[in-house]
Each structure stands twice: as structure tokens, then as C-alpha cells.
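Handing you this structure, nothing more for now.
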Amino acid sequence: MDKGKAVMGTGRRWAVEFSDQSTVPSSRDILDPPGFSRASQEQDDSANSRQKKDAEATWKLQKAWEVAQSPFKNLMMMGFMMWMAGNTVHLFSIGITFSALWQPISALQSVGKIFEPFKDNKVELLMPKLVFLALNLGGLALGVWKLNTLGLLPTHASDWVSSLPPPQEVDYSGGGFVFH
Amino acid sequence: MAIRVFLTLLLFLSSAILSFSLYEDQAGLTDWHQRYIGKVKHAVFHTQKTGRKRVIVSTEENVVASLDLRHGEIFWRHVLGTKDAIDGVGIALGKYVITLSSEGSTLRAWNLPDGQMVWETSLHSAQHSKSLLSVPINLKVDKDYPIIVFGGGYLHAVSAIDGEVLWKKDFTAEGFEVQRVLQPPGSSIIYVLGFINFSEAVVYQIDSKSGEVVAEKSMMFPGGFSGEISSVSSDKVVVLDSTRSILVTIGFIDGDISFQKTPISDLVEDSGKAEILSALLSNMLAVKVNKRTLFVKVGGEGKLEVVDSLSDETAMSDSLPVADDQEAFASVHHEGSKIHLMVKLVNELDNVLLRETIQMDQHRGRVHKVFMNNYIRTDRSNGFRALIVMEDHSLLLLQQGAIVWSREEGLASVTDVTTAELPLGKDGVSVAKVEHTLFEWLKGHVLKLKGSLLLASPEDVVAIQELRVKSSGKNKLTRDHNGFRKLILALTRPGKLFALHTGDGRIVWSMLLKSPSNSQACERPNGISLYQWQVPHHHAMDENPSVLVVGKCGSDSSAPGVLSFVDVYTGKEISSSDIGHSVVQVMPLPFTDSTEQRLHLIADTVGHVHLYPKTSEALSIFQREFQNVYWYTVEADDGIIRGHVMKGSCSSETADEYCFTTRELWTVVFPSESEKIISTLTRKPNEVVHTQAKVNSDQDLLYKYVSRNLLFVATVSPKGAGEIGSVTPEESSLVVYLIDTITGRILHRLSHQGCQGPVHAVFSENWVVYHYFNLRAHKYEVTVVEIYDQSRAENKNVWKLILGKHNLTAPITSYSRPEVFTKSQSYFFAQSVKTIAVTSTAKGITSKQLLIGTIGDQILALDKRFVDPRRTLNPSQAEKEEGIIPLTDTLPIIPQAYITHSHKVEGLRGIVTAPSKLESTTHVFAYGVDLFYTRLAPSKTYDSLTDDFSYALLLITIVALVAAIYITWVLSEKKELSEKWR
């Protein structure tokens, strides 16, 4: 629009104005038809877009909540898998436990990225993020708990004592049967 | 659910009993077995013109063996029991070897070619007496060939064909001891000459058909006889009287006895105590007086006449008939590093049939025995071979001026064993030099690959076997990375120290103990024990390691001791010293000086201890630890254990500042009417314990009571000290104690009613396993006792442990009175046991195996898990996971768990284990009459690839994978390109 004006001003012979200037009454040569209220349309238009935006925001929020709750399903599945794996240390249980630990950690690392699409100044993402964090932390805790049930965490006194050598003895005694 | 099932299966498999075993083709790869016979006592040659020439020997280790005369190999061998000492050996009928054993009460015939037993006869024996075997050559009684045997007061004639007793004659009442059985040729009458109480000579003429006494003659000799006797002819013997200064010729022509006395001083000026060397020389006698050997001719009337004398010590053989009614004998004497073998005719001593000079290894010592044999050469002249037994018990065959073969029989009587490192390999010797070429290397690996893929032909299998033995480089004389190559130092009873290579068991060096500074008092000290003297580890790396051999001059406990320091790499004696005091105990202290010489305390009979090495540095180290050194003695005869503490220098009595007095601190007295000490045991001082905690399946902690100052003592009631089964269960009980040797405190006492020794025990870390006989159950039992420290049990707070706020590693003393508790369990064990040992590894992480030397002279490896007091009938899931085996009443004997596989370590006496550098592996050396060595991995070789790992297969797999990746990449590129063009 500004550009067109500028072009005209530089002495072009003709120009076709494509832009609709109907919204700007001051530049209008033709009066509005009677009964036409420009203001109402304008109002309606803005309301429409707001409505649209609102819908989008709620949709985003809804999606964000969905994403935020998604680890829960994961959590359930993990729990089931862990139960299946049993409490002995072998390849299967270790794999499951480490995936159970790795998933929440990677999710927590990329929490900003996951909620990027839902970023909107109208959408309050704090709560979903918190829920997401909490669930993932829950998953992590489950993983750690599993690790512990497998006995891979040094939480017992035995884990700290096993590496200690026997104490030195101050006294020394030798002897035995007499040589014959 | 499938996963659950799979997991359960996995669990089951992981908890299944691991048994040590090896494949058939792995036998002999890491283990070796050497067969010995011991010091030869008697030898009988069997050299007929046809067939293989052999010599039958009987030895001090109660072995009867047939040796190949050409190579010295053993054709066959029988090891009789420890109480079945062989008294005589002979050949009957030209096909049977006759042995008399057990003080003349057992007579056996063995088939000469293959050693099968033909018959065995138990002879009646009433009393202990000298025994005698006489196999008359041409005595024939009614198609039977009697063997005359005297033993236990009875004279027996036994048929050589089937061992039946033809007749027996009772001499028990008179106390008559047969010395000689003589048989005049062409007569059925045998002359039996003997002494009654060594003061009366009796000659019986006995009819060999019926055993009837035809005539009897006796004569008193007032001076008494010494018992040494030499037969000179069919009717004459020469004996020494009890003062060893008069030679008495006893003639018994036609049943008449006559004595003729000849004082030794008549024969030679410098008289002294005499000794008869020869047992059987015709008309000749060899007498040793003052280190001189006299040859005395015995005249027709019993007149003695010195015909020759040799200045040096001489060993003599019996005389042997050679052609034309002549008899010859062999004598061997030393001259510097040479020995001279001479064969002379008995009647003409100037006529030397054979004179040979042979260079002899100094470390074989003197010649002890000579056995001679003759053969007819192709030019019809007589040839002679001599079998000689040396001071170090080695057996050599001399023929035509050379040593044809030699056998190191000293190794049959190993008394103490230790191990030593080999020298470090020189830099620059790369693997490429060992593996000749790349082609060879590849060929070898392709062969191995074929073997592992089961494609190998029988020839290939042989080649693989050869390759395995060769390529492992196990026989090199340098230290290897895994510590598999080591020296086994074995001290033998004759005082010779051998260094054996673990790779193939060859003798790297050997050294006979010498008396220091050639002191007259003691010509040859006998070795008692062996200690690691210097093991350069961190310091003094340029010095060679050395061992200390403690010896003694003489047999009584107050005899002065001798120390000898031997360089392990070279086998040379660095120094030796006559320490001037007796040795009753040697204590290696846990301190070393700056050159890594270990401090040793040697206790003497008067209660003083002497510090070695005698340097001021050692003295200052010792004085720093003076208060903490204790000493205990076990007086088994009195049933007393005494603890001593160092009191001070004994400089008030002697000027020796390295001598210290001791003070008695405590005594443990066992009531002599109810208890008798039969066994004591401590932990091995060099054992490494990895951890002080024992973790249960439920993460519960038990603190092991790991102390070097614990003494295991087993006592039985005096009645039960005899043979198994000699008492009723009510009369016998077995009590075991665990005694702290610092304070004398009894930490634990356990009594087994109705049980009996002998007790064989092994003590390691915090546990003792012992084996005894249960009279009630009529079975052997094994009991395990584990000792735990209750006073440390409070240390269970994780945070304190994480922050290090605990005193678990602080030095401890026995005076802190630790509270201990024990856990124990007993099991039946199906076998009688000779010895028990336990595997030892470098860091003590690897699980342990008990090595049980069974009565069958084999070694059984039994996991320690089988003797775990936490075993229950129904272990929980968690306990099963931990590896706890359900409790059974009997310990299993798995045939594959015999580490000796097809071999027998005859006369097994001890098992020694030593760690290798690789944590999983331990050296095992067993000794008895035989030697056996192997390497064991109680938890499998988890820290290295096995020998038969196919590197070629790995390489080929990698190459194939890389090729496959490349090909698929090229293919995918092509496909992508064609996709794009479409």
C-alpha cells in the first residue's frame, strides 16, 4: 500500500491499485451504501479472528496437556515391563531398567523442544510442563527404584564395606610344633 | 509368561553346580606328572639273553619296581602302604618277583614281565624281629621250589609256585633271630644261623623237605654281637662284636660251631669302631675303620689277613660269580669330582677286571650303594654294569665308563616346597621370534580353527596338540605376563634342593646342602624347611631372589642348626652359616629390610630367639616391633600350648645382640586323661584376603574375623588316638579349639562325641574345614567352622560408611577382646583323606576350592560353596541366586572334579598352592612318591581368553563383516543412483 503510493508519486502514468482500501474510510471516494455499517463489519472481523485464535490456543493447551500426560502411559508400560523382567540381573532386566532411566532423562533434556509447537503468549504452558516434568521424574524414580531392586545402587552398608580390606594386625605371633 | 519361564530357566542354569573338568585333549597341556620310586634299598638284575633287560628294585618309599636297564624307565611299579616296608626282594623261578614286607609277615609274588600280582601269603608273626628273605636258587623239593622266610619269630618255607606255606618252625620261645640261611650245594639240608639275644650263636640244620630240625648246635659268645654280619662262604660268616672292635669268624662245618676272634687292632694300627661294608663276598670281607676300607681275606681256618686297603670311603657291591668259578665284586670310591669304579676278582685283588673313572656331579654327594651285574660281550669277555645309589638318593647306571641313565629319586621324598619367580625376560625378544613366520602363525591358527569347527582329521588333531604345547612358550626360563611360569623349589629328605619349572616339570637346577666351612662336626646337614628369604618386589630390583634353607646337623632336637641362602635364579649357594645354636622353630616375621630381606626369628631349645639377618638395620626394625612379637609352642606329648613374649636382649648371658630372651605369657593345658593333641594348624602367613565382609543375599552384613594369630587345635581322648575303629563311640570324642595365640584366649570350642582322628584340616580366611571319622555313623565327616566378628557388626550405617567415619580399617590388636561368633555345619564324606589344601589367588577375590588328597592318591577339587554353614534344606530364591546349594547330608564326589584326572600321585603327602599373577588362576603342586602339577581356575578363567580361543575365527569374522558392509554399501549406492535416473 505504501509502496503503491510511492510509485504513483514518482510520476507513473497509470497504476492499478490492487489493494482493498475499503477499510480505510478517509481515502474512500465513494460513500458507503445506506444501511451499511462499516464499523460493525470491522468489529465482526476482529471478533472472528479472536475467536479463531482462542480456539487455537485452547487446542494448543489441550495438546500440551496431552503431551504432558503422555509419559504416564509410558510409565504404566514401563512398570509392566519391569514386573515382567523380574529382580535378577541379566541382559533383559538391565536393558529395560536403563531404557526406563534413559527415556525420562532424554525427555527432561528436551522439555523445551517438546513444548515448542505449543508456545503461545496466550497459552499458559507452565502447568503442563510441570506435570510433564513430574511424570518424567516419576518415571526416573521408577527406573532408579528398579535399579535399586536389582541391587545395582550402593544403598546398603555391604556395598561400602566390601571393598574395605581386613584391618592390619598390630601383634604378630609365630610358632607351632617343635622341629624334631 | 514365556519370559518368566525363560528367566526361571536362566536362573536354574546359573545356579547349577559348576564342576571343574577338562576335555580329553586338554590333559597334559598345563599339567605334568612325574613318577619316582625313592631311594633304592635292594636291586636284583634280570638280564637274560632274550627279552628285555630289567632290574627289580625295592625302595625306602615302599616301592617295588621293574626298571628298564637301557633307559631307566619304569616298566611297572607298585607302591605298598606306608606301614608295609619292604624287607627283601628276590626272583624265583625266573618269572616271579618275590617281596617280603611288613616285618616279614607278608610275602607276595609279582609276575616279572607285567607286574601283576600272582599270589600273596600272610605269614604268621608273633613278635617284632628282623626279617629275612632267602630265595634258594637250586633247592627243589618234590617239584616245588621253597622260599625260606624268617619273620616274627617263625621260619617259613613257602612254595614259590602258589605261595602255599610248606612248613613252619616256631622260634618265638627261644627268642632266636635268624641272620643267615645257607644252603650247601647239592644237599636238601639248609643251615640256619642265628643269634639269641645277640649273645649266643645257634646253627640249626633243617631238612628243607619237612622242616624238621636235623641237628642243632649253639655256643655262647660272652661279648655279644653287634648284629652286622657278612657271609664269606657256605660254612662261614664273620660278625662284629658289640664293642665293634673284634671280628669274630663263626665256622659251622658239619654242625660244629667254632669262634675265632680277631681284634681289629691286629689288622690295622689305628683302630677304631669298625663297620662291615659287604654283606656277601666269597672268602673276603670289607671292613670300614676310621674312614679307611680294608679288604680282609678269610683263610680256610678263619684266619683273617688284610690284603688291600683304600684310603677313601668306598661303597661295595656283593660278589658275583663270573666265569670259571671266579667271583668278582665292584667297589666305588671318590676322588675329587670323579668316582672310580673298579671290578676285581675276589681271589686275586691285583687282577682288576675293570677300572673306570667317571665325572660325577658334585651335587650328588657320595656313593651309598653299588649293585653289580655282568654280561658277556660279543668277544666273550665279561662286561660289567653297575647300578649306584648316591647320597641324594639318585639312581645311576654306569656302563662302559659312562652314565647310561640317571633318575632323581630324591624327588620321591620332598619335605618342603615353596615357589619362586623366574628372571624377567630381556627386552627386545618379541613374539615374532617365537612364532617363526607369519605363514606358520596363520597355518597354526587355521589348524586351530579346523579343530574348533570339528573339521580336523586325526593327523591335524595331533598337530594341534603339538602346536598347543609348543606355541604357549610355557617352557621358557623367563617370567611371563600371567605368572604361569614359575619355579617350584622342593627340599628333599637327603637335603637336596630342586628347582622345577612349572611348564614341564624339568629340573632347572639342583643343589645339595653342604655343611658350612667343612666343619668336622657335621658332614651333611639334613634340610628341615624352606623359607622365602629375599623377594625383590619394589626395592633392590637388581638383586636376585633367594631362599633360606634351614638344616640341622644330626637328628636330636639340640643339634646345631645350619642356615643356607640359595640364589633362586642360579641355584648357587650365596652363603651358609653354622649358627651355633639349635633350631626348634623358625618364624618368618612380617617385616622386611631395605633390601627386601625378610626378618626371621629362630628359637632354640633354651628358650632364646635369634634374629636373622644379623644386620643393624634388621635389629632396629625388630626393636621397633619388639613389643608386638609373640611366640607359641605346641607340646603335643604333654598336651600344653605355651605363649611367649619377648623379654629383652640376652646380652647378659652372651655377647650376641641379636639374641633375645622370652617370657612365658600364657599356657593352655589340656587334661591328659581326656584329651591329646593330634593336630594344630594356622592360616598360611602369605594368604591374601580381599574383604573383611561377607554379604548375605538380603544385603545383610557379617564381618569376618580374619586374624593370622588363630590356632586351630584338635584333640582326641587318649583311647581314641589309635587306629580307626579301635574304640567304641562312647570312649572316644574329638574336641576342636580356636585359640588366639597372642592372648591364649580360647575363642571357640566344639566337641564331637563318638568321633575319632586322624584330623586333616585346612584353615583359610575366617574358616576351618576339617575331616575326621564318626564312629557312630561309621562314616567320615567334614565340618566347617566360620568365625565372624560380632564387635564390628554395628558398622551398618550407610552414611557413616560413605563418609568414611568408621574404624573398620584401623589396626587392631587381640587385646581388644573381639567378640566372635561361629557358624558351623557338618557333612558326611565318602572318602578317607590324606591331606587337604585350599586354592590361593593373587588378590583373594576368586572363590576358593578345597583340594582334597584322597586315599586313592588323587586330588579332588571341591568348591567351598559345598562347605558353607549357610546351606539349608530349602534355600530361598534369593539364597539360590547367591549360589547357596541346598543342604545334603553327603558332600558330592564328582568324577570330573579330580584335577589329577587319569594320574595317581602315589604316596601323596602334601599339596601346595601358589597364586599366579592372573587373579583367576592358581598353581597346584602335589608331592608324594610322585609329583604332580597343574593350574586351576576355581571360577573359570574369567580374566583371560582360553588357550584354544580361535583368533583366526575372530579375524575372519571381522574381515567378513567389513567386506559385507562394503559390498552392501556399494550395492545400495548403485540402487539409489538407478532410482534417481528413473
Side-chain angles (χ1 to χ4, degrees), chain A residues 74-103 141-180, chain B residues 3-4 7 10-11 528-529 552 555 557 583-590 601 603 625 628-636 643-644 680 682 685 689-693 695-696 699-701 703-704 706-709 711 741-742 795-798 801-802 807-815 881:
Chain A
N74 231 340
L75 211 66
M76 295 304 287
M77 200 180 76
M78 263 311 151
F80 179 69
M81 294 273 275
M82 281 172 181
W83 175 75
M84 294 284 281
N87 283 344
T88 45
V89 180
H90 47 75
L91 207 63
F92 191 62
S93 59
I94 295 232
I96 283 180
T97 311
F98 276 93
S99 79
L101 283 173
W102 178 246
Q103 269 183 9
L142 194 69
V144 170
W145 172 78
K146 183 70 191 169
L147 210 57
N148 193 22
T149 54
L150 287 180
L152 297 178
L153 283 188
T155 52
H156 291 96
S158 56
D159 303 314
W160 298 91
V161 176
S162 298
S163 58
L164 294 178
Q168 287 278 319
E169 278 180 290
V170 177
D171 321 300
Y172 172 79
S173 169
F177 274 118
V178 169
F179 290 145
H180 287 296
Chain B
I3 292 172
R4 259 319 218 210
L7 289 175
L10 209 78
L11 192 78
I528 306 172
S529 52
K552 214 156 61 168
S555 52
S557 62
V583 177
V584 292
Q585 257 158 21
V586 183
M587 290 167 268
L589 295 176
L601 281 183
E625 301 286 342
N628 300 326
V629 177
Y630 298 81
W631 168 47
Y632 70 92
T633 51
V634 180
E635 289 156 31
H644 308 262
T680 66
T682 54
V689 181
H690 175 64
T691 173
Q692 53 175 292
V695 185
N696 288 352
Q699 304 296 320
D700 201 14
L701 260 185
Y703 287 91
K704 297 176 186 172
V706 182
S707 169
R708 291 185 199 288
N709 304 321
L711 179 70
T741 53
I742 304 290
N795 287 301
K796 277 184 180 163
N797 189 324
V798 180
L801 289 170
I802 292 172
N807 58 355
L808 290 175
T809 48
I812 54 158
T813 164
S814 295
Y815 286 106
E881 265 172 50

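When reading the values below, keep in mind they use all heavy atoms of this one structure, side chains included, and skip hydrogens, waters and symmetry mates. Proteins get letters first, then strands, A, B, ... in listed order; numbering begins at 1 in each.
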### Message
Using heavy-atom distances under 4.5 Å, tell me whether B:I802 contacts chain A through its side chain, its backbone, both, or neither.
### Response
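Answer is both: backbone and side chain atoms of B:I802 are under 4.5 Å from chain A.
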### Nearest atoms (heavy-atom pairs only) where A:Y172 meets B:P588
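So the two residues come closest at OH-O, 2.7 Å.
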### Task
For the pair A:E169 (side chain) and B:I812 (backbone), establish whether a donor and an acceptor sit closer than 3.5 Å, ignoring hydrogens and angles.
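No, A:E169 side chain to B:I812 backbone: no donor-acceptor pair under 3.5 Å.
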#### Entry: Over 12 non-hydrogen atoms of neighbours within 6.0 angstrom of OH in B:Y815
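Yes.
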### Message
Please classify the contact of B:L589 with chain A as side chain, backbone, both or neither, using a heavy-atom distance under 4.5 Å.
### Response
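Both parts, heavy atoms under 4.5 Å.
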### Message
On a heavy-atom basis, which atom in B:A810 and which in A:P167 lie closest, and how many Å separate them?
### Response
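Residues B:A810 and A:P167, closest heavy atoms: O-CB, 3.2 Å.
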### Query
Counting heavy-atom pairs under 4.5 Å to chain A, which of B:P685, B:G643, B:S707 comes out on top?
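Option with the top pair count is B:S707.
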### Task
Considering non-hydrogen atoms only, spot the tightest contact between A:S173 and B:Y632 and give its length.
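Heavy atoms of A:S173 and B:Y632 come nearest at OG-CD2, 3.4 Å.
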### Task
Kindly give the heavy-atom pair with the smallest separation between B:T813 and A:D171, and that separation in Å.
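Heavy atoms only, the tightest pair is OG1-OD2, 2.9 Å.
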### Task
Could you tell me whether the side chain of A:V161 reaches within less than 4.5 Å of the side chain of B:Y703, counting heavy atoms only?
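Yes. Closest side-chain heavy atoms under 4.5 Å.
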### Query
So do B:K704 and A:P166 actually touch side chain to side chain, heavy atoms under 4.5 Å?
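In short, these two side chains do not touch, never coming nearer than 4.5 Å.
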